[in-house]
There are 2 protein chains.
Amino acid sequence: MNNAVPSSASRKVTLNDVARLAGVSVATASKALNGRKQVRAETRARVVEAAEQLSFSPNELARSLLADRTGTVGLLTNDLEGRFSIPILMGAEDAFGADSVAVFLCDARGDAIREKHHVQALLSRRVDGLIVVGSRTDPRSSLGRELPVPVVYAYAPSEDPDDLSIVVDNVGAGRSAVDHLVSTGRTRIAHITGDPTYGASQERAEGALAALAGHGLELVGEVRFGSWTESWGRAAASMLLGQHPELDAILCGSDQVARGVMDALREHGRAVPDDVAVMGFDNWEIFTSGARPALTSVDMNFERLGRVAAQRLFAAIDGEPRSGVEALDARVVIRGSTVPG
Amino acid sequence: MNNAVPSSASRKVTLNDVARLAGVSVATASKALNGRKQVRAETRARVVEAAEQLSFSPNELARSLLADRTGTVGLLTNDLEGRFSIPILMGAEDAFGADSVAVFLCDARGDAIREKHHVQALLSRRVDGLIVVGSRTDPRSSLGRELPVPVVYAYAPSEDPDDLSIVVDNVGAGRSAVDHLVSTGRTRIAHITGDPTYGASQERAEGALAALAGHGLELVGEVRFGSWTESWGRAAASMLLGQHPELDAILCGSDQVARGVMDALREHGRAVPDDVAVMGFDNWEIFTSGARPALTSVDMNFERLGRVAAQRLFAAIDGEPRSGVEALDARVVIRGSTVPG
DNA sequence: AAAGTAGCCGAAAAGGTTTTCTGCGACCGT
DNA sequence: ACGGTCGCAGAAAACCTTTTCGGCTACTTT
């Protein structure tokens with residue numbers, strides 16, 4: 001490979017040095033390196049040669065100061081360990097990286113004061129825009145309309161309808177899940193989900209109930225709210241099997257819950273998927289692939305959400321702002337827990 | 001780009017504006033706001049007042065350009081979805097954020113070319129330092145010695161001993177795990193681990209064997225290498241129980257493997273921990289807490305690793321570089337799978 | 001041959017801040 | 001009253017790059 005790295009990298013080399021070595025002015029050097037059409041080919045070659053020899057790399061700070069555009073954005077998250085933030089962040093980083101925009105990462109840990117502080121710090125570094133990633137689907141307070149740069153809210157929408165928010169369509173996801181179960185012939189479907197204070201659990205349940213109604217079916221029992229854990233899934237499934245032994249499918253509010261449900265089913269001697277179909281939400285690979293059989297799940301497509309947020313931010317920076325809430329659809333990933341392998 | 005209509009908050013306010021409003025020169029304004037002792041108290045108050053009134057926020061770009069220090073660092077990772085990168089990244093972000101250093105996040109996705117590109121971009125933005133986070137414990141190629149800023153390697157050490165690397169002590173972790181099992185009275189211990197091409201599996205096994213020898217014990221059977229999955233854990237445990245029914249503990253190379261092992265034990269009618277103790281590595285909460293009983297595991301303390309890496313980078317930036325490999329110890333987190341609840 | 005033109009290059013300003021250096025007035029000691 | 005010191009404020013340079021504008025040379029046109 002080309003690893004001819006001169007030791008000059010240790011000392012900072014400026015355009016001035018390049019110009020001097022090439023025997024031209026800084027102005028000409030700049031134009032030569034930036035492809036401006038006001039420099040003779042021979043001169044340009046000399047400058048490029050000099051720049052390479054010195055391994056010159058333009059100081060983006062000076063450039064940004066002048067251009068009033070830094071090519072940086074702030075990514076403001078509220079839980080870095082979160083299931084949801086990370087893939088969104090990946091998608092955004094991906095989209096930005098492809099356009100060689102650098103991403104400032106800040107974790108506010110759900111603290112409003114820390115968040116304000118970070119926003120201030122990012123603005124003083126003159127980011128071109130901000131993406132605010134929530135950790136729950138519930139609406140969050142707006143950063144305000146008076147910011148000097150565009151903002152896009154991802155996952156958790158802003159309370160202010162004049163902001164632009166990109167979210168996942170949890171209602172639609174619930175509908176798709178039921179549609180899938182029905183399409184495999186299930187008619188006695190129960191629903192065990194997680195923490196009722198989460199918008200996600202409510203919305204998914206809402207979508208599921210709507211889809212059932214659309215198929216002329218009713219949920220078996222009530223929606224079982226609890227927590228987003230395996231142990232809740234086990235406990236709820238055991239209760240449910242006692243009360244409604246006739247059920248032939250359990251839709252679970254998350255993959256973790258689904259894992260617990262599958263454990264309980266096995267202990268009760270119910271085969272999956274032959275006796276009972278099971279599916280979850282989130283399509284968290286470590287849970288879906290470890291299950292026996294592999295777990296059908298609804299993929300919320302977080303990476304795409306991050307990418308879309310990045311694209312919308314680009315558009316806003318380029319002067320094409322939008323507002324409102326944009327919901328992205330989820331997709332069912334079918335595995336052995338709903339259709340026999 | 002023409003945003004004439006909305007608020008005037010988009011209008012950028014500079015030190016010049018503050019100075020004019022306060023009736024002083026920019027030089028005095030700067031000194032007043034930065035606490036320089038060459039300003040009369042009354043004058044300083046006037047300037048501060050003016051700055052507040054205009055909600056002035058100094059342009060960090062201009063400041064950095066002059067100070068030759070940006071207060072930014074680059075965090076270079078290779079897998080954002082990774083189990084290991086994220087907590088490390090959290091720890092580093094935490095440490096930096098506390099000192100109001102901004103973090104540029106870049107994901108090279110394991111691609112050397114992309115990595116070079118990102119390093120170049122970060123340097124052109126004049127970061128003060130770099131942290132390179134690996135996704136495996138195996139050594140990686142150095143970024144080179146000719147970089148103009150200090151670099152700290154985290155998790156995956158650099159091949160160059162003159163670089164500074166912060167890693168976890170997997171050998172010690174293996175030792176600690178066995179020590180714990182022995183301390184609970186186990187003497188017939190087996191070891192099921194993951195992918196043999198990972199340094200982590202080899203080192204943990206090495207530490208475990210050393211500790212066994214130290215206790216005058218021998219491993220039951222051979223070290224079982226496979227993959228980092230639940231299904232491998234299930235399969236390996238079934239085989240193992242057939243060949244060595246006398247075993248009273250299984251040390252697993254990861255929590256995922258341990259989950260599979262526990263499933264198999266249950267199906268073979270072996271009680272955990274009364275008949276067989278089980279423990280894992282990584283202390284991945286979603287796996288340890290979902291297990292029945294909760295899984296004892298070795299916590300690698302990734303967040304601390306990230307924080308230490310950040311601190312070392314600070315020190316290096318401040319002119320106190322180190323080199324070599326610094327290994328941080330792990331700690332056993334005891335739960336119900338090794339000691340009766 | 002004079003005038004115009006095209007091509008190429010350099011000087012200088014701009015961007016916002018910090019710092020050094022100079023200057024100016026007031027106060028002190030004798 | 002005078003030289004000296006001290007405290008405070010402003011002018012200007014510096015950081016590095018881009019861009020505008022003016023000027024020079026050489027060439028084309030009439």
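In what follows, every heavy atom counts, from backbone to side chain, and hydrogens, waters and symmetry copies are set aside. Naming: A, B, ... by sequence-line order, numbering from 1 per chain.
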K.L.:
Between A/Phe302 and A/Tyr155, how do the two ring planes meet: parallel, tilted or perpendicular, split at 30° and 60°?
P.N.:
perpendicular
K.L.:
For residues A/Ser30 and A/Leu15, report the shortest heavy-atom separation together with the two atoms involved.
P.N.:
CB-CD2, 3.7 Å
K.L.:
Test of understanding: with side-chain contact (heavy atoms from CB on, under 4.5 Å), list the residues that count as partners of A/Ala156, not counting sequence neighbours.
P.N.:
A/Arg140
K.L.:
For B/Thr14, check side chain to side chain donor-acceptor pair (under 3.5 Å) against everything at least two apart and list the hits.
P.N.:
none
K.L.:
I need the CG-P distance between A/Asp17 and D/dC15, as an integer number of Å.
P.N.:
11 Å
K.L.:
Name the pairs: protein N/O against N/O of nucleotides 11-13 of chain D, kept only if under 3.5 Å.
P.N.:
none

K.L.:
By side chain to side chain donor-acceptor pair (under 3.5 Å), which residues pair with A/Asp17, not counting sequence neighbours?
P.N.:
A/Arg20
K.L.:
Would you list the atom pairs, donor with acceptor, under 3.5 Å between side chains in residues 93-107 of chain B and any protein atom, with sequence neighbours excluded?
P.N.:
from: B/Glu93; atom 1: OE2; to: A/Asp107; atom 2: N; distance (Å): 3.1
from: B/Asp94; atom 1: OD1; to: A/Arg109; atom 2: NH2; distance (Å): 3.3
from: B/Asp107; atom 1: OD1; to: B/Arg109; atom 2: N; distance (Å): 3.0
from: B/Asp107; atom 1: OD2; to: B/Arg109; atom 2: NH1; distance (Å): 3.4

K.L.:
How far does the helix from C/dA1-D/dT30 to C/dT30-D/dA1 bend, going by the axes of its first and last five pairs, to the nearest 10°?
P.N.:
50°
K.L.:
Restricting to side chain to side chain donor-acceptor pair (under 3.5 Å), what partner residues turn up for B/Arg136, sequence neighbours left out?
P.N.:
B/Asp138
K.L.:
First and last nucleotide of DNA chain C in contact with chain A, 5' to 3', at under 4.0 Å to a heavy atom: what are they?
P.N.:
C/dC8 to C/dG16
K.L.:
State whether a side-chain donor-acceptor pair under 3.5 Å links B/Asp79 with B/Ser85.
P.N.:
yes
K.L.:
Measure from CG on A/Leu33 to P on D/dT18 and round the result to the nearest Å.
P.N.:
8 Å
K.L.:
Name every residue in residues 35-58 of chain B that has at least one heavy atom under 4.0 Å from any atom of DNA chain D, in order of residue number, or write none if there are no such residues.
P.N.:
B/Gln38, B/Val39, B/Arg40, B/Thr43
K.L.:
Sequence neighbours left out, what passes side-chain contact (heavy atoms from CB on, under 4.5 Å) with A/Pro150? Give chain and number order.
P.N.:
A/Leu313, A/Ala316, A/Ile317
K.L.:
Mind checking A/Asn34 for me? I need base, sugar-phosphate or nothing, with any heavy atom below 4.0 Å counting as a touch.
P.N.:
sugar-phosphate
K.L.:
With B/Glu159, which residues qualify under side-chain contact (heavy atoms from CB on, under 4.5 Å), at least two apart?
P.N.:
B/Pro139, B/Ser141
K.L.:
Which part of the nucleic acid does A/Ser30 contact within heavy-atom distance under 4.0 Å: base, sugar-phosphate only, or nothing?
P.N.:
base
K.L.:
Please tabulate, one pair per line, all N/O donor-acceptor pairs under 3.5 Å involving side-chain atoms of residues 117-129 of chain A, not counting sequence neighbours.
P.N.:
from: A/Gln120; atom 1: NE2; to: B/Ser57; atom 2: OG; distance (Å): 3.4
from: A/Ser124; atom 1: OG; to: A/Ala121; atom 2: O; distance (Å): 2.8
from: A/Arg125; atom 1: NH2; to: B/Thr70; atom 2: O; distance (Å): 3.0
from: A/Arg125; atom 1: NH2; to: B/Gly71; atom 2: O; distance (Å): 3.1
from: A/Arg126; atom 1: NH1; to: A/Leu123; atom 2: O; distance (Å): 3.0
from: A/Asp128; atom 1: OD1; to: A/Thr70; atom 2: N; distance (Å): 3.1
from: A/Asp128; atom 1: OD1; to: A/Thr70; atom 2: OG1; distance (Å): 3.4
from: A/Asp128; atom 1: OD2; to: A/Thr70; atom 2: N; distance (Å): 3.4
from: A/Asp128; atom 1: OD2; to: A/Gly71; atom 2: N; distance (Å): 2.7

K.L.:
Roughly, in whole Å, what's the span from CG in A/Leu15 to C1' in D/dA14?
P.N.:
16 Å
K.L.:
Is it true that a side-chain atom of A/Asp169 and a backbone atom of A/Asp329 form a donor plus acceptor pair closer than 3.5 Å?
P.N.:
no
K.L.:
Under the criterion side-chain hydrogen bond (donor to acceptor under 3.5 Å, both in side chains), I'd like the reasoning laid out for A/Asp162 against A/Ser323: C-alpha separation, chi angles, the key distance, then a yes or no.
P.N.:
CA-CA 5 Å; A/Asp162 280 355; A/Ser323 63; 4.9 Å; no
K.L.:
Closer to the 5' end of DNA chain D via nearest nucleotide, is it B/Gly23 or B/Leu65?
P.N.:
B/Gly23
K.L.:
Find the distance A/Arg126:CZ to D/dT17:C1' and express it as a whole number of Å.
P.N.:
18 Å
K.L.:
Specify the separation, in whole Å, of atom CG of A/Asn16 and atom P of D/dC15.
P.N.:
9 Å
